[in-house]
Amino acid sequence: GKGDQQLLFRASYENQVQNFNTIYKVMLPLFSTTFLIKRASKLWRNYHDTGELSVNEVAEKHIELTLTGYDDIPRFHAPEIEGAYQALLDIAKVNSAKLSHTHCANLGADFCRWSIRWQ
């Protein structure tokens with residue numbers, strides 16, 4: 001990559017797009033965005049042996065994801081997580097979904113947090 005971490009985001013995004021088969025692509029738009037984010041977050045433990053990913057409904061069409069308990073979190077973890085969630089939201093045809101990394105353990109916070117908003 002060019003050092004801008006977009007390669008990690010794109011690889012994670014494309015991985016999700018490739019692995020969601022046709023039935024998922026048809027069904028995902030039928031579910032609520034909140035439901036999809038909550039279900040996707042429960043998959044954390046299927047792929048990671050450390051850390052806890054929790055979901056907080058802040059307001060209608062606004063959720064926060066918080067990652068705690070990941071002591072040796074990789075330096076460039078954020079684009080990988082963001083790419084996966086952005087792909088999920090795009091496949092589900094969520095209108096104007098925006099992710100932002102508001103707190104980062106690699107920058108001194110006790111946890112990582114992402115804000116997800118949509119219309």
Tell me whether [Y] is reachable from [X] by hopping between hydrophobic residues (I, L, V, M, F, W, Y) whose side-chain heavy atoms are closer than 4.5 Å.
X: L36; Y: M27; value: yes
X: I23; Y: F20; value: yes
X: L28; Y: V17; value: yes

For D49, does the CG atom have more than 12 heavy-atom neighbours from other residues, nucleotides or ligands under 6.0 Å away?
-> no

CG (D110) with more than 12 external heavy atoms under 6.0 Å = no

Compare every heavy atom of P74 with every heavy atom of N106, then report the nearest pair and how far apart it is.
-> ND2-O, 3.0 Å

For the side chain of H103 and the backbone of A105, is there at least one donor-acceptor N/O pair under 3.5 Å apart?
-> no

Separation between [atom1] of [X] and [atom2] of [Y], rounded to the nearest 0.5 Å:
X: L43; Y: L53; atom1: CG; atom2: CG; answer: 10.0 Å
X: S54; Y: N56; atom1: OG; atom2: CG; answer: 7.5 Å
X: N15; Y: E80; atom1: CG; atom2: CD; answer: 9.0 Å
X: K61; Y: I116; atom1: NZ; atom2: CD1; answer: 15.0 Å

Side-chain donor/acceptor pairs under 3.5 Å, residues 62-71, sequence neighbours excluded:
from: H62; atom 1: NE2; to: S115; atom 2: OG; distance (Å): 2.8
from: T66; atom 1: OG1; to: R113; atom 2: NE; distance (Å): 2.9
from: T66; atom 1: OG1; to: R113; atom 2: NH2; distance (Å): 3.4

ring-ring contact (aromatic ring centres under 6.0 Å, His included): which pairs involve residues 25-52, sequence neighbours left out?
-> F31-F35, W44-H48

Output every pair passing salt bridge (Lys or Arg N to Asp or Glu O under 4.0 Å) with a member in residues 19-39, not counting sequence neighbours, ordered by first then second residue.
-> K38-E57

Working for side chain to side chain contact (heavy atoms under 4.5 Å, CB included), residues I37 and W118 = CA-CA 12 Å; I37 294 169; W118 64 94; 4.0 Å; yes

Students should find that the hydrophobic cluster of L30, defined by side-chain heavy atoms under 4.5 Å apart, otherwise consists of none

If you group Ile, Leu, Val, Met, Phe, Trp and Tyr whenever their side-chain heavy atoms sit less than 4.5 Å apart, what else falls in with L107?
-> none

Mind listing the side-chain donor-acceptor pairs of residues 86-98 below 3.5 Å, one per line with the distance, residues two or more places apart or on another chain?
from: Q86; atom 1: NE2; to: D90; atom 2: OD1; distance (Å): 3.0
from: D90; atom 1: OD2; to: Y13; atom 2: OH; distance (Å): 2.7

Going by distance alone, is a donor N or O of one side chain under 3.5 Å from an acceptor N or O of the other, for S12 and Y85?
-> no

Classify the angle between the aromatic ring planes of H77 and W114 as parallel (below 30°), tilted (30 to 60°) or perpendicular (above 60°).
-> perpendicular

